[in-house]
*Asks:* 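Below is a structure I'd like to ask you about.
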Amino acid sequence: MRIPKTAAYVLPALVLLAGTGFAQSYCQIQDLSSLTLLTGLAALASAAMIALGFMLGQILQNPKILVWAKIEMGQLAVSAMIVILVVAGLNVFACNLAFSDVKQFTGINDASINSLGIPNNANLIDASKDYGRWLVGFNHDVLVKIRSNIGKIELRAAFSRWECGSDAGGFISCLVGGAGNSVAKYSGEYTISGMLGGLLNTVSAAYLSSIFILFTLEFLTSGLFAYFLPIGIMLRSVPFMRGFGGALIALVLVMYVGYPVMMMANLFLWYPSYSSMDVHAKLGTAPNELSPIGDNAVSALINGPPDIDPTPDLIFLSTTSFFVTMFLPAINFIVLAAAARSLSRMLGDEIDISRLAQMV
Amino acid sequence: MGMQINGKARMALVPALLLLCLLPGYAYSQPVVSTSWQGYSVLAFLISVFVLALMYMAGFALNSNELKIMAHDEFYQVIATAVMIGLFVSVLAWVNSSLSPSLAAAGGKSGMSLLDGAISYNDGLVSATVSNYQSYLENLVRDLGRESSKSAYCSFLGAGMNVVICSSLNAMRGSLSLAYNTVSFALADLYAQRWILQISNTMLLSVILPLGIFFRSFKFSRAAGGALIAVTIGFYLIFPAAVLFGDMLVRTLSCSSCAYSYLVAPPASISVPTCNPFNPSNSQMEGFFRAVVQNKGFYEPIVFHVIVRCVMMTILSLLITLTAIRSIAQYLGAEIEVSGLVRLA
């Protein structure tokens, strides 16, 4: 019997695939090593199914089944090659590329980047997670700062002073008729409180967005998207589902390689300007949000409550929070969507990114 | 057994070999924007060539026309990437030395690069917005709150009366608060614009461009690379130019019914009258209402500065940039979806 030409692709691919199953664990991504093995088993199961089909075609002398088996064998080889590329991509980009390599690549290796405390030997996914945690903390600090100022304003605006006899004819009027006037000196700050409420909404959205970013990265390392890989490989071997399988594989590649790379790009884009743009100075020390005017209420009653922070600084901080947590990730999304679209088109079916973009 | 190379393949090989000879020298040449990205770009290029050579050999070994055609097509893409790297270095040198200062000068910022000019303009606008509008309105609403809160109290033999007669000043609180909120959010717009200009000036060429060139070297990441290069061009060149030309556009506005130039004049200075709750002055209050409502010199500069200069021009600059990014990305082989970002803008 003449061996089909596709066997020349399939056999080395399967051998390589089996090898990847026993490779080193991928950046401590849970389940990914076992999933690679599972992917290899899925490929072998598909190969067995196709071999059965081929035998059936030979027995029945049915050219349609024989052609189907040959085509599917070729596609299985392509799938196996794709898995090898994905695993290699993961190992190179997401796992073996260290934070220090990125610093060397960008030529940015200054004190500001080092102050983040990300270990030099951290791989891209771990470094992205460290940055994600820092981002959550930063947004929380800005949130607390604005909330504390709103709290201060609420106390200041309700503060009123009784000025006995002040505009009513002086001290005598005060003594005789108890005449005088009261003034809520800071009540105009309710307007500022309204504006700060708007900023608080924006920063809250940024804060939630940063948590979403961190959780996405956590889900990546806990292997959520990795399950798409064996499913994608199996689906690529099933007639009519090849496109969908390709789309799933593309999604894995984009999420595990593209997403951490873009997060690192974000970090290196804006963080070196953290000090030069005075973000650190304007943020200052973390305020006590539960006691915005401190414990000295008597002093506040006599001398007036302490002043609020300059509002342009608060506006700047909330803009920074929005910019680094929502604007830059939106640019990331554009780039990742373009990558996912072209990759999935290359591997099978096109992912409908426009609907996803609308949702995001 | 010698391998025959046909005429077309030979023609493609000539420029490719020339480029390969030039690349090592280029990798060690004087850096234009960063110390290391050129080396990585060359490395990416060489890896692509190596992978293509393997693909072509596999095509010969397996007698697969598909593989050979794919390798052939990809080879042209690799040449295009190499040309692009060289072109970028040249264009960046030209942009930094010639085009950028010329555009900045056209935008009224002589002796500066395009981005420095745009940053200088933006900083000036932030400073004017804070001092002439935001702080001014903030003080006004504070004064208004203080005066309108004043109440008079008088008692006789245990019976008393409290009158908050100055609260009529609150009639102006809504409109002044609206003006203050609008100015504050316009300031947020300007700060966001400042951030974009900041990262464009300092990090875009060191981080995003090399990443884009690196990604564009490989077929599977070409779209992402194209999108990144488009983003770099958009925010490095188009965005600052749009900011400066937006300023020019505003400066050339002619307004026949305007009493003075809004560009230089801050809003007319008004102050909240001191209110005596026992004897409020009607004429003072009326004067204040008139100063706020009927004085064109108060609201018109605020509306012009905030709505036209800060909000509209910021959005326009971003829209122009995003549209340009989309078009450039198409040329670089990436279809990108900017509608989400436009909504964000």
Side-chain angles (χ1 to χ4, degrees), chain A residues 5 8 85 104-108 157 160 167-168 177-192 194-195 198 253 258 261 265 268-270 272-273 277 311-312 315-316 318-320 322-323 326-327 330-331 333-339 341-343 346 353-354 357-358 360, chain B residues 34-37 40 62 130 134 138 141-146 148-156 160 173 176-177 180-181 184-185 187-188 191-192 195 198-199 202-204 206-208 210-211 219-224 226-228 231 276-278 329 334-341 344:
Chain A
K5 196 170 66 178
L85 282 176
Q104 199 182 349
F105 177 78
T106 56
I108 304 162
S160 71
D167 288 324
N181 59 282
S182 79
V183 56
K185 197 178 169 187
Y186 308 105
S187 65
E189 289 181 6
Y190 276 125
T191 299
I192 302 170
M195 186 275 289
L253 205 57
V261 166
F268 280 88
L269 261 182
W270 85 275
S273 302
M277 289 282 280
T311 47
I315 295 170
F316 175 78
S318 64
T319 305
T320 304
F322 172 83
F323 181 75
M326 297 184 84
F327 186 81
I331 301 255
F333 178 76
I334 288 176
V335 174
L336 292 176
R341 177 182 276 176
S342 85
L343 258 177
M346 207 164 78
I353 294 295
S354 60
Q358 282 168 15
V360 171
Chain B
S34 168
T35 51
S36 52
W37 71 268
Y40 282 101
L62 301 167
V130 169
Q134 210 259 353
E138 192 170 300
V141 293
R142 279 175 197 258
D143 292 349
L144 185 70
R146 186 191 64 236
S148 63
S149 73
K150 283 182 177 173
S151 64
Y153 177 76
C154 185
S155 70
F156 185 69
R173 183 177 272 199
L176 287 178
S177 297
Y180 173 73
N181 284 338
S184 296
F185 288 112
L187 191 60
Y191 281 136
W195 265 114
Q198 172 72 13
I199 61 165
T202 54
M203 295 297 153
L204 212 56
S206 322
V207 180
I208 298 297
L211 206 60
K219 185 178 172 67
F220 61 87
S221 59
R222 184 156 298 138
L228 286 173
V231 165
N276 183 342
F278 286 94
E335 286 174 39
I336 59 173
E337 184 73 48
V338 292
S339 60
L341 208 57
L344 206 66

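Per chain, numbering begins at 1; letters A, B, ... match sequence-line order.
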*Asks:* Is the closest side-chain heavy-atom distance between Tyr180(B) and Thr311(A) below 4.5 Å?
*Replies:* yes
*Asks:* Can you tell me which of Gly198(A), Ser182(A), Gly258(A) forms the most heavy-atom pairs within a distance under 4.5 Å of chain B?
*Replies:* Ser182(A)
*Asks:* Between Arg222(B) and chain A, with a heavy-atom cut-off of 4.5 Å, which part of the residue counts as in contact: side chain, backbone, both or neither?
*Replies:* neither
*Asks:* Grab the two heavy atoms, one from Ser149(B) and one from Ser187(A), that are nearest each other, plus how far apart they are.
*Replies:* CB-OG, 3.6 Å
*Asks:* With respect to chain A, which residue among Ala227(B), Ser151(B), Ser177(B) yields the maximal number of heavy-atom pairs within a distance under 4.5 Å?
*Replies:* Ser151(B)
*Asks:* Quick one: what part of Ser318(A) sits under 4.5 Å from any heavy atom of chain B, side chain, backbone, both or neither?
*Replies:*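 Contact with chain B: none, neither part.
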*Asks:* Shortest non-hydrogen contact from Val130(B) to Pro312(A)?
*Replies:* CG1-CG, 3.9 Å
*Asks:* For the atom pair SG (Cys154(B)) and CG (Asn181(A)), what is the distance rounded to the nearest 0.5 Å?
*Replies:* 11.5 Å
*Asks:* Under a 4.5 Å heavy-atom cutoff, which of Tyr186(A), Phe268(A), Tyr190(A) has the most pairs with chain B?
*Replies:* Phe268(A)
*Asks:* Of all heavy-atom pairs between Ala188(B) and Thr319(A), which one has the smallest distance, and what is that distance?
*Replies:* O-CG2, 3.3 Å
*Asks:* How far apart are the closest heavy atoms of Ala265(A) and Ile208(B), and which atoms are they?
*Replies:*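 Minimum heavy-atom contact is CB-CD1, 4.0 Å.
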*Asks:* Output the distance between atom CZ (Arg142(B)) and atom NZ (Lys185(A)), rounded to the nearest 0.5 Å.
*Replies:* 10.5 Å
*Asks:* Run the side chain to side chain contact (heavy atoms under 4.5 Å, CB included) check on Leu176(B) and Thr191(A) step by step: do they pass?
*Replies:* CA-CA 9 Å; Leu176(B) 287 178; Thr191(A) 299; over 6 Å; no
*Asks:* Parallel under 30°, tilted from 30 to 60°, perpendicular over 60°: which one fits the rings of Trp195(B) and Phe316(A)?
*Replies:*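 Parallel.
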*Asks:* So which heavy atom on Val183(A) is nearest to which on Arg146(B), and how close?
*Replies:*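 That would be CG2-O, 3.5 Å.
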